[in-house]
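Treat the numbers as computed from the prediction; the structure is a model and nothing was measured. One-based numbering along the sequence shown. Counting starts at 1 for both ligands and their atoms, following the listed order.
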Amino acid sequence: MGDREYRPSLTALLRDSMHTRTLTATDADLATAGDLLRAGRLVAFPTETVYGLGANALDPEAVRGVFEVKERPADNPLIVHLPDLDGLERLVREVTPLAGRIAAEFWPGPLTMVLEARPEVPKVTTGGLTTVAVRVPDHPVAIALLRMAAVPVAAPSANRSGRPSPTTAAHVMADLAGRIDAVVDGGRCVFGIESTVVDVRGEHPVVLREGAVTREDLGVVEQRAGASDIDASPGTRHRHYQPSCRVEIAPAGTAAATAAGLAGEGVSVGLLATCEPPPDVAGLGRFDHAGELAALLYAAFRDGEEAGLDVIVVEAVPDVGVGRAVMDRLRRASA
Ligand code: TXA
Ligand code: MG
């Protein structure tokens with residue numbers, strides 16, 4: 001056997017056997033969480049979009065741990081989080097004029113900027129790319145934690161790869177308990193879908209991933225096909241956002257009838273729509289507009305799974321504003 005013998009990494013050996021602490025948003029607990037991050041440990045925390053799984057972005061070993069516990073493909077880069085604009089120059093080669101304008105308008109907030117990375121940013125953090133994604137979240141607990149950590153924090157959504165993003169600490173525990181050191185419980189995330197990822201290296205913003213900040217907000221009216229996500233944002237290539245039940249998108253006004261039809265065939269079905277569920281259909285939430293659907297969507301997927309449903313029927317929303325990001329997630333979930 002000798003030196004070719006397969007040796008699982010320490011993280012793999014420890015997988016699922018770690019005690020994951022739930023921390024609160026008190027100063028004392030946030031100081032503990034900050035110490036853990038600085039020491040190279042993994043801590044999940046709330047943001048205004050979804051919960052992130054944090055690691056010291058400048059510590060390759062810590063970042064490797066994130067990929068391992070999430071079972072994330074190594075070519076899918078992470079977003080680096082800062083408490084304010086100050087640390088940006090340490091991460092990127094140049095803050096372009098466009099980046100400066102967008103940061104001034106949208107940070108703190110659910111927008112991630114992609115810029116050329118400094119060589120100090122480990123390749124494992126950038127998925128081997130020459131660029132790095134950076135975001136200043138708009139959440140008091142996230143900002144307090146990032147200040148305590150005093151290091152840039154790489155944080156993908158705190159779900160196992162391919163699963164819906166977590167919008168509560170309980171969702172994080174469902175996917176990652178036993179694999180990470182701690183989760184900071186900061187309640188439910190208000191937006192419920194991920195940040196908008198924007199390449200700001202050039203003169204005009206290029207949207208790589210639709211998200212909570214809309215194209216309308218950014219003034220991106222039209223974008224050349226192919227300039228967007230699939231080529232430039234590796235994460236959008238991978239299987240994503242999928243619960244274990246089948247997700248079916250129903251055109252506006254038809255969702256209740258679709259769900260009732262499935263129930264009539266003996267299928268166990270749940271409904272997420274603008275109306276109340278018909279008899280024999282599980283109600284997974286009611287919304288009036290796309291923003292409300294965004295806030296409910298991932299939690300509804302997880303509720304449907306827990307109820308052991310076969311199918312979740314979701315009523316479509318118009319493909320404009322935040323509806324564009326919601327429909328993007330829905331299409332991937334139903335693929
Ligand atoms: O709202 C959010 O963005 C959440 C919270 C925790 O901040 N984070 C999040 O991370 O959604 P994650 O890892 O699930 O998604 C990151 C996305 C992926 O699609 C990835 O490919 C893209 O950002 N990304 C990261 N670095 C990139 C880069 N250098 N160039 C292009 N895309 C990048
Ligand atoms: Mg994710």
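Counting the atoms of ligand 1 from 1 in the order shown, those under 4.0 Å from a heavy atom of V197 are 23 (O). When each atom of ligand 1 is checked for a heavy atom of E194 under 4.0 Å away, the hits are 1 (O), 2 (C), 11 (O). Each of the atoms 25 (C), 26 (N), 27 (C), 29 (N) of ligand 1 lies under 4.0 Å from some heavy atom of A133. In summary, the atoms of ligand 1 found under 4.0 Å from a heavy atom of L208, numbered by their order in the structure, are 31 (C). Atom numbering of ligand 1 starts at 1 in the shown order; those under 4.0 Å from a heavy atom of H81 are 5 (C), 6 (C), 7 (O). Every atom of ligand 1 with a heavy atom of P156 under 4.0 Å away is listed here by number and element: 10 (O), 12 (P), 13 (O). When each atom of ligand 1 is checked for a heavy atom of V50 under 4.0 Å away, the hits are 4 (C), 6 (C).
A salt bridge is absent between E94 and R201: the closest approach of a Lys/Arg side-chain nitrogen to an acidic carboxylate oxygen does not fall below 4.0 angstrom. One finds no salt bridge joining R163 and E71 here, because no Lys/Arg side-chain nitrogen approaches an Asp/Glu carboxylate oxygen to under 4.0 Å. Classification of E305 and R302 as a salt-bridged pair fails, no side-chain N sitting under 4.0 Å from a carboxylate O. Using a 4.0 Å cut-off between a side-chain N of Lys or Arg and a carboxylate O of Asp or Glu, R147 and D84 qualify as a salt bridge. One finds a salt bridge joining D328 and R332 here, because a Lys/Arg side-chain nitrogen approaches an Asp/Glu carboxylate oxygen to under 4.0 Å.
Ligand 1 has an N or O atom lying under 3.5 Å from an N or O atom of T131, backbone or side chain. Note: an N/O pair closer than 3.5 Å links R209 and ligand 1 by distance alone.
The main-chain N or O of A117 is found under 3.5 Å from a side-chain atom of R93 such that the two form a donor-acceptor pair. One N or O on the side chain of T20 and one on the backbone of G178 form a donor-acceptor pair closer than 3.5 Å. Between the side chain of R21 and the backbone N or O of A182, no donor-acceptor pair lies under 3.5 Å.
Contacts between L78 and ligand 1 below 4.0 angstrom, taking non-hydrogen atoms only, involve the backbone exclusively. When non-hydrogen atoms are compared, ligand 1 lies under 4.0 Å from the side chain of T49 (C-beta onward) but not from its backbone. Residue contacts with ligand 1, taken as heavy atom pairs separated by less than 4.0 Å, do not involve H139 at all.
In this structure, F301 and I312 have side chains that are in contact, with non-hydrogen atoms separated by less than 4.5 Å.
Considering CD1 of I79 and OG1 of T49, their distance stands at 8.0 Å, rounded to 0.5 Å. Atoms CD1 and CG, on I143 and L82 in that order, are 10.5 Å from each other to the nearest 0.5 Å.
Evaluated by nearest non-hydrogen atom to atom 8 (N) of ligand 1, the leading choice among A155, G52, C189 is A155. Taking only non-hydrogen atoms, the option from L129, T130, L53, V136 nearest to atom 28 (C) of ligand 1 is L129. Evaluated by nearest non-hydrogen atom to atom 26 (N) of ligand 1, the leading choice among A212, G54, P166, P77 is P77.
Contact annotation: N76 has at least one heavy atom less than 4.0 Å from an atom of ligand 1.
The Mg ion (ligand 2) has no N, O or S atom of S161 under 2.8 Å away, backbone or side chain.
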